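Given the structure is predicted, the values throughout are model-derived calculations rather than measurements.
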Amino acid sequence: MKPIDIFKALSNETRLQILEWLKDPEKHFSPQPVEVSDFQETGVCVTQFHEKLNVTQSTASQHLSVLHRAGLVTAKRHGKWTYYKRNEEAFHQLKEMIGHEI
């Protein structure tokens with residue numbers, strides 16, 4: 001985790017919104033297909049982000065890619081779709097870093 005990459009990722013309102021939604025995906029997203037229905041295990045499909053954000057799938061994917069490169073979300077492929085969920089360990093490390101180094 002590079003602090004500069006994390007803070008760049010967090011400096012965008014849309015990406016902050018994505019992270020907030022991923023904190024409680026059942027509350028913010030409609031149910032997914034049965035084979036990937038568990039939000040906590042599988043994550044949320046990029047398609048749901050693009051619909052909820054009202055942006056193109058490419059734009060949603062770009063935001064998720066920035067969060068992934070910063071280590072704030074994990075990505076998991078299921079067939080031709082990619083599913084994202086929060087990386088809670090990264091948030092714990094970020095909290096520790098801010099508390100001790102900044």
Side-chain angles (χ1 to χ4, degrees):
M1 284 178 31
K2 288 184 172 180
I4 194 71
D5 293 333
I6 293 169
F7 292 120
K8 282 181 183 179
L10 294 174
S11 70
N12 179 279
E13 189 174 344
T14 299
R15 291 190 288 269
L16 288 173
Q17 182 67 71
I18 289 169
L19 291 170
E20 182 182 328
W21 290 336
L22 285 175
K23 197 168 188 175
D24 189 4
E26 290 86 1
K27 178 179 174 183
H28 297 285
F29 296 98
S30 58
Q32 301 183 114
V34 174
E35 62 272 10
V36 291
S37 62
D38 185 359
F39 285 118
Q40 298 304 321
E41 177 66 27
T42 307
V44 178
C45 183
V46 69
T47 302
Q48 291 211 40
F49 289 106
H50 108 83
E51 292 170 354
K52 191 162 182 75
L53 291 167
N54 198 28
V55 298
T56 65
Q57 191 158 340
S58 175
T59 299
S61 291
Q62 287 174 341
H63 284 300
L64 290 160
S65 179
V66 169
L67 292 169
H68 185 253
R69 282 193 308 270
L72 298 172
V73 298
T74 60
K76 186 176 187 179
R77 295 282 295 174
H78 194 285
K80 65 179 183 173
W81 305 109
T82 304
Y83 293 80
Y84 293 89
K85 62 181 182 176
R86 282 172 56 111
N87 180 357
E88 295 301 333
E89 178 59 29
F91 284 95
H92 176 73
Q93 290 175 6
L94 178 60
K95 179 182 172 185
E96 293 293 316
M97 179 190 68
I98 289 171
H100 294 351
E101 297 177 26
I102 298 177

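- Closest heavy-atom contact between W81 and T47: CZ3-OG1, 3.5 Å.
- With hydrogens and angles ignored, the 3.5 Å screen pairs a side-chain donor or acceptor of K52 with a backbone N or O of H28.
- Across all non-hydrogen atoms, the minimal contact from Q57 to V46 is NE2-CG1, 3.5 Å.
- With rounding to the nearest 0.5 Å, the separation of CZ in R77 from OG1 in T42 is 14.0 Å.
- Grouping the Ile, Leu, Val, Met, Phe, Trp and Tyr side chains by contacts below 4.5 angstrom, directly or via other members, places L94 with I18.
- Distance check, rounded to the nearest 0.5 Å: CG of N87 to CG of L19 gives 10.5 Å.
- Looking only at atom types and distance, the side chain of E13 has no donor-acceptor partner in the side chain of Q17 under 3.5 Å away.
- Under the 4.5 Å side-chain heavy-atom criterion for grouping Ile, Leu, Val, Met, Phe, Trp and Tyr, V73 is connected to W21 within one hydrophobic cluster.
- Between G43 and Y83, the closest heavy-atom pair is O-CD2, 3.8 Å.
- Listed by chain and number, the residues in a side-chain hydrogen bond (donor to acceptor under 3.5 Å, both in side chains) with E51 amount to none (sequence neighbours excluded).
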Task: Residue pair H63, L67: steps toward the side-chain contact (heavy atoms from CB on, under 4.5 Å) verdict - done: CA-CA 6 Å; H63 284 300; L67 292 169; 5.5 Å; no

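- Remark: side-chain polar atoms of S65 are not paired, donor with acceptor, to backbone N or O of Q62 under 3.5 angstrom.
- The side-chain hydrogen bond (donor to acceptor under 3.5 Å, both in side chains) test with E89 singles out one residue from R86, H92, Q93, and that residue is Q93.
- The side-chain hydrogen bond (donor to acceptor under 3.5 Å, both in side chains) test applied to E26 returns Q40, not counting sequence neighbours.
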Task: side-chain contact (heavy atoms from CB on, under 4.5 Å) evaluation trace for T14 with F49 - done: CA-CA 10 Å; T14 299; F49 289 106; over 6 Å; no

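- Minimum interatomic distance between V55 and H50 (heavy atoms only, all atoms of both residues): O-ND1, 2.9 Å.
- Contact record, M97 with P3: SD-CG, 3.4 Å, taken as the closest heavy-atom pair.
- Nearest approach of A90 to G71, heavy atoms of both residues: CB-O, 3.1 Å.
- Taking CD of E20 as the reference point, atom CG of L16 lies at 9.0 Å (rounded to 0.5 Å).
- Taken together through direct or relayed side-chain contacts under 4.5 Å among Ile, Leu, Val, Met, Phe, Trp and Tyr, I6 and V66 form parts of separate hydrophobic clusters.
- If you take CZ on R69 and NZ on K2, they are separated by 11.5 Å, rounding to the nearest 0.5 Å.
- To the nearest 0.5 angstrom, T74 atom OG1 is 6.5 Å from H68 atom NE2.
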